[in-house]
Amino acid sequence: MLEIRNLHASVDGHEVLKGINLTVNAGEVHSIMGPNGSGKSTLALVIAGRDTFEVTEGEILFEGKDLLALEPNERACEGIFLAFQYPVEIPGVSSSQFLKSAMNAIRKHRGEDELDAYDFLAIVKEKAKLVNIDDRLLSRAVNEGFSGGEKKRNEIFQMAVLEPKLAILDETDSGLDIDALKVVANGVNRLRGPERAIIVITHYQRMLNHIVPDFVHVLSDGKIVKSGGKELALHLEEEGYSWLKEAPAAHTSAAT
Amino acid sequence: MIQAIETKDSYVALCESAIDARRTAAEPAWLRSIRRGAAERFRALGFPTTRDDEWRYTNVSRIADTPFEIATHNDSSLAFERIERFALTDVTACRLTFVNGRFDAGLSKLDGLPDGVTVCNLAAAMDTHAPLLESHLAQHADCDGQAFVALNTALFEDGAFVHVPKGVVVETPIHVLFATTPQSPAAMTSPRMLIVTEANSRVTIVESYVGLDTGACFTNAVTEIVAGEDSAIDHYKLERENDEAYHIATFQVDHQRGSDVASHCISLGGILVRNDINAFLDGEGCECLLNGLYLADGTQHIDNHLRVDHAKPHCNSREFFKGILAGKGRGIFSGKIMVRKDAQQTDAKQSNKSLLLSPDALVESKPQLEILADDVKCTHGATIGQVNEEQMFYLRTRGLSEDAARTLLVYAFAREIIAGVRIPALRTLLDELVLAKLPQGGSLDVSE
Ligand SMILES: Nc1ncnc2c1ncn2[C@@H]1O[C@H](COP(=O)(O)OP(=O)(O)OP(=O)(O)O)[C@@H](O)[C@H]1O
Ligand SMILES: [Mg+2]
């Protein structure tokens with residue numbers, strides 16, 4: 001489904017991604033872990049189409065299509081969704097108006113009819129219940145004045161509404177209380193399916209207890225330095241990242 | 001200076017002949033003398049030039065150089081269909097309509113008002129409310145230093161009069177519609193309005209200016225409001241002139257003790273627009289809210305010039321003006337807050353935010369504080385920016401096209417002012433009008 005080959009990306013002349021290779025197949029859940037500043041969010045943003053990062057080398061294919069040639073909204077319409085680490089507040093834009101515009105843009109791309117007010121409301125109600133988000137939040141402006149946890153929950157709510165093929169969750173677990181974590185994980189698990197894939201960026205094993213990954217990758221200094229199964233995350237929880245400094249070169253060959 | 005005097009000559013001549021014509025129309029002596037004085041003031045002042053500090057960014061030579069004539073009138077009423085889409089029938093019950101400056105009874109609707117409330121044209125009020133007119137008409141908007149007020153005062157033919165007696169609450173908004181049909185040669189109108197509210201009364205007034213066809217025309221309007229003690233007035237000015245129109249409007253509100261006035265100034269049409277908005281807080285405990293929204297595209301030039309004068313203690317004033325500038329549009333804001341020596345415990349806030357949608361659009365924002373009292377709270381702020389890229393990206397990652405995302409954000413910017421409108425149907429109309437002016441705006445569904 002997603003194939004990243006030798007991806008290099010820079011910002012302001014500073015190289016952040018230094019040759020990423022990653023293959024994600026339909027049906028799989030991948031987790032990306034790694035120290036602060038290693039480039040996890042950058043990778044997620046480049047996949048989503050943030051143009052402040054310049055891709056200097058490499059390619060990204062999504063279902064065989066050249067993703068880098070697509071606009072961010074075209075990528076969304078193709079089925080890519082990013083739950084942001086820091087969702088932005090948009091005062092003045094009502095959540096429901098925003099959601100309706102988003103859903104209809106994606107439906108239009110798929111050749112489906114626009115939703116009428118009744119169907120729209122029905123979907124919103126159902127998904128809101130699924131991620132246990134307060135209806136009243138949706139009558140407010142997008143993320144405006146939302147608490148940290150509410151913003152994260154809103155991301156998962158949007159994911160549930162838009163039903164992407166590939167969902168990338170960038171530290172959606174940070175800032176969530178224990179119950180919210182379960183709710184969010186449940187929302188994500190509901191999305192799992194043979195034709196979908198999920199990339200979970202996280203620092204903590206507790207998220208992966210609920211969303212069990214098929215693969216775990218360690219990103220360090222812009223490269224994937226180690227890949228493994230779900231036990232790699234447990235290992236990291238115990239060992240931390242100190243081993244990276246000791247012998248970084250020894251692990252690079254493990255990247256997929 | 002010589003230039004200025006020459007170009008105003010045709011206007012001085014207009015004033016002379018207008019005053020002569022009124023002599024035969026048996027205008028009361030007090031008004032004739034006011035008009036004489038105003039004509040004199042205008043002759044002495046001439047049109048302002050950009051050397052004048054208050055007009056530095058707005059050049060009115062295009063008005064001065066055009067020999068506008070006084071608009072002529074058809075005796076027959078326009079068909080209602082001509083004004084129907086501007087009539088705000090779902091917003092207001094009661095409507096006074098003026099076509100090219102003249103009252104059109106056929107297009108007006110004056111029923112459904114509470115007992116004692118007067119809504120009529122000024123000419124009719126000369127008979128029914130002579131003493132009130134004598135004490136207020138042209139007593140609040142000052143001809144001194146305001147050439148356009150002087151010109152209007154010398155020339156206005158008719159206008160709207162609203163009087164709300166003590167303690168009366170008028171529930172449904174009153175609409176005063178000034179419609180213009182351009183003429184050849186180009187013509188000017190001088191709409192005039194006087195609103196007097198007595199103690200503890202309450203009223204909502206929508207004042208709209210619309211151009212029915214394209215073609216050059218000049219509107220020079222003056223509105224005076226006298227807000228009686230503890231009265232509350234909600235005022236909306238909606239400017240929808242045609243895209244060749246020159247529109248100059250002076251709004252003067254004089255606050256008496258405890259009065260609460262909210263005025264919203266929405267400017268959408270016209271090639272050159274100037275709003276002079278003056279509030280005089282001449283009693284304790286007044287609330288004054290001045291909101292504004294202006295959208296300039298093409299080569300539109302919209303200038304909002306505010307002056308809030310705190311003369312007495314314990315008054316609050318708030319100014320929130322937002323501009324959206326596209327194409328080669330220009331938006332000017334200047335806001336002066338004056339706090340006189342006696343006006344302790346003044347709380348005055350001013351904010352002007354501009355959104356630039358094109359590299360050729362231009363904004364000037366000039367706050368000015370003159371504070372003579374020592375125990376006051378005054379803040380002002382101005383921001384000029386573009387659409388926020390992070391917000392754009394967020395919306396686009398959810399599937400919205402670049403245009404759709406931008407439209408949504410620009411609309412959100414305007415929405416803050418529209419949300420302050422207290423008449424739901426007027427909010428809906430403003431949503432439509434604002435979106436209609438935005439590229440791709442038509443495709444956005446904003447139903448509440
Ligand atoms: N606009 C920018 N200008 C300069 N440097 C930037 C910019 N954006 C990101 N960086 C740098 O790129 C590197 C990677 O940042 P990124 O946000 O991808 O890290 P991360 O792995 O997501 O970290 P965290 O775990 O803290 O979220 C950091 O060193 C960061 O400072
Ligand atoms: Mg990050």
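In what follows, chains carry the letters A, B, and so on, assigned in the order in which the sequence lines appear, proteins first and then strands, with residues in each chain numbered from 1. Since this is a predicted model, take the numbers as computed values, not measurements.
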Item to check | Portion of Glu390(B) that has a non-hydrogen atom of chain A nearer than 4.5 angstrom | outcome: both
Checklist entry - So do Arg396(B) and Glu402(B) actually touch side chain to side chain, heavy atoms under 4.5 Å? => result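 Side-chain contact under 4.5 Å: yes.
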Item to check | Side chains of Phe98(A) and Gln158(A) in contact at under 4.5 Å (non-hydrogen atoms) | outcome: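 Phe98(A) reaches Gln158(A) side chain to side chain.
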Checklist entry - Taking the inter-plane angle between the rings of Phe333(B) and Phe321(B) on a 0 to 90° scale, is it parallel (under 30°), tilted (30 to 60°) or perpendicular (over 60°)? => result tilted
Next on the checklist: For the aromatic rings, using the six-membered ring if either is Trp, is the centroid distance between His235(B) and Phe251(B) under 6.0 Å?
Outcome noted: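 So the answer is yes for these two rings.
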Counting only heavy atoms closer than 4.5 Å, note whether [X] contacts chain B via side chain, backbone, both or neither.
{"X": "Ile90(A)", "value": "both"}
{"X": "Asp51(A)", "value": "neither"}
{"X": "Arg50(A)", "value": "both"}
{"X": "Leu45(A)", "value": "both"}
{"X": "Pro91(A)", "value": "both"}
{"X": "Glu89(A)", "value": "backbone"}

Next on the checklist: Looking only at the side chains, is there a donor atom on one of Asn73(A) and Ser401(B) sitting less than 3.5 Å from an acceptor on the other?
Outcome noted: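 Per modelled atom types, Asn73(A) and Ser401(B) side chains form no pair under 3.5 Å.
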Next on the checklist: If you apply the rule side-chain contact (heavy atoms from CB on, under 4.5 Å), what do you find for Val308(B) with Leu290(B), and how did you get there?
Outcome noted: CA-CA 9 Å; Val308(B) 176; Leu290(B) 303 174; 3.7 Å; yes
Item to check | Closest-packed option against chain B by number of heavy-atom pairs under 4.5 Å, given Val93(A), Ile106(A), Leu162(A), Val142(A) | outcome: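 Result: the option with the highest number of such pairs is Val93(A).
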